[in-house]
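Structure, as structure tokens:
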Amino acid sequence: MMNFIVFGHFTQTGVEKVMNVKECSLELETLVHSVGGKVRDLYYTLGTYDFVAYVEAPDERGMLKAMMELAKFGMMRTETLIAVPAKEAAQIIKT
């Protein structure tokens with residue numbers, strides 16, 4: 001499984017339509033699960049982003065599919081990063 005960090009913003013439509021932030025987290029979880037992944041942690045934040053999620057997915061293609069499907073709803077915009085655990089990165093750098 002690959003690790004991803006998802007930064008998100010609610011759109012104006014999202015703010016207007018979503019009465020319960022749980023609905024948004026369920027959409028994210030459902031779409032990630034549909035590609036064989038799992039949302040490990042989800043935080044609602046103050047500042048630059050409205051939420052940050054730590055997600056595991058089988059590969060970039062699956063994650064891309066899940067994020068594009070999420071974008072279709074028009075309720076949030078995301079920025080997704082591939083995350084490499086520090087120990088794994090250290091091993092990669094050594095070789």
Side-chain angles (χ1 to χ4, degrees):
M1 289 291 239
M2 293 182 69
N3 300 298
F4 298 89
I5 305 297
V6 179
F7 296 106
H9 296 281
F10 292 112
T11 63
Q12 186 61 39
T13 302
V15 171
E16 291 170 1
K17 285 186 177 179
V18 178
M19 296 297 182
N20 181 351
V21 292
K22 185 70 174 163
E23 292 174 26
C24 286
S25 65
L26 287 174
E27 289 296 337
L28 177 63
E29 290 173 14
T30 300
L31 290 169
V32 169
H33 183 73
S34 75
V35 297
K38 183 169 183 161
V39 176
R40 291 291 180 185
D41 284 308
L42 177 65
Y43 300 92
Y44 292 98
T45 57
L46 301 174
T48 304
Y49 299 98
D50 297 319
F51 65 90
V52 177
Y54 165 51
V55 176
E56 290 181 343
D59 56 30
E60 301 98 327
R61 291 173 184 256
M63 192 63 181
L64 177 61
K65 179 178 169 116
M67 294 300 97
M68 294 303 287
E69 289 295 322
L70 187 64
K72 285 182 185 179
F73 291 110
M75 296 192 308
M76 59 188 86
R77 286 188 171 68
T78 60
E79 180 179 344
T80 305
L81 307 175
I82 295 173
V84 179
K87 288 181 182 180
E88 187 178 328
Q91 290 298 323
I92 292 168
I93 294 167
K94 282 183 182 180
T95 59

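Starting from 1, each residue takes its place in the sequence as its number. Side chains included, hydrogens not; waters and symmetry mates left out as well; all remaining heavy atoms used.
Contact of the Leu42 side chain with the Phe51 side chain is registered, since non-hydrogen atoms from C-beta on lie closer than 4.5 Å. Thr80 has its side chain out of reach of Ile5: every pair of non-hydrogen atoms, C-beta onward, lies at least 4.5 Å apart. By the 4.5 Å heavy-atom criterion applied to side chains, Met63 and Glu60 are not counted as neighbours. Side-chain atoms of Phe7 and Leu81, non-hydrogen and from C-beta on, do get closer than 4.5 Å to each other.
Under the salt bridge (Lys or Arg N to Asp or Glu O under 4.0 Å) criterion, the residue pairs touching residues 72-90 are Glu69-Lys72, with sequence neighbours excluded.
One finds a salt bridge joining Arg40 and Glu56 here, because a Lys/Arg side-chain nitrogen approaches an Asp/Glu carboxylate oxygen to under 4.0 Å.
In this structure, CE in Met2 is found 7.5 Å from CG in Asp59, a value given to the nearest 0.5 Å. Note: Met1 CE to Lys38 NZ = 9.5 Å, rounded to the nearest 0.5 Å. Distance NZ/Lys65 to CG/Leu31: 9.5 Å, rounded to 0.5 Å. Rounding to the nearest 0.5 Å gives a distance of 9.0 Å between OG1 of Thr78 and CE of Met68.
Hydrophobic clustering places Val6 together with Phe73 (ILVMFWY residues linked when any side-chain heavy atoms are closer than 4.5 Å, directly or through intermediates).
Nearest heavy-atom pair across Val84 and Ala89 is CG1-N, 3.8 Å. The shortest heavy-atom contact between Val35 and Ala66 is CG2-CB, 4.2 Å. Closest approach of Gly37 and Pro58 over heavy atoms only: N-CD, 4.0 Å.
Counting heavy atoms of neighbouring residues, nucleotides and ligands inside a 6.0 Å radius, atom NE2 of His9 exceeds 12 of them.
Between Tyr44 and Asp50, the side chains place no donor N or O within less than 3.5 Å of an acceptor N or O (distance only, hydrogens not considered).
Checked against the 6.0 Å centroid criterion, the rings of Tyr43 and Tyr54 do not qualify as a close aromatic pair.
Within the 3.5 Å criterion, the main-chain N or O of Met75 finds a donor-acceptor partner in the side chain of Thr11.
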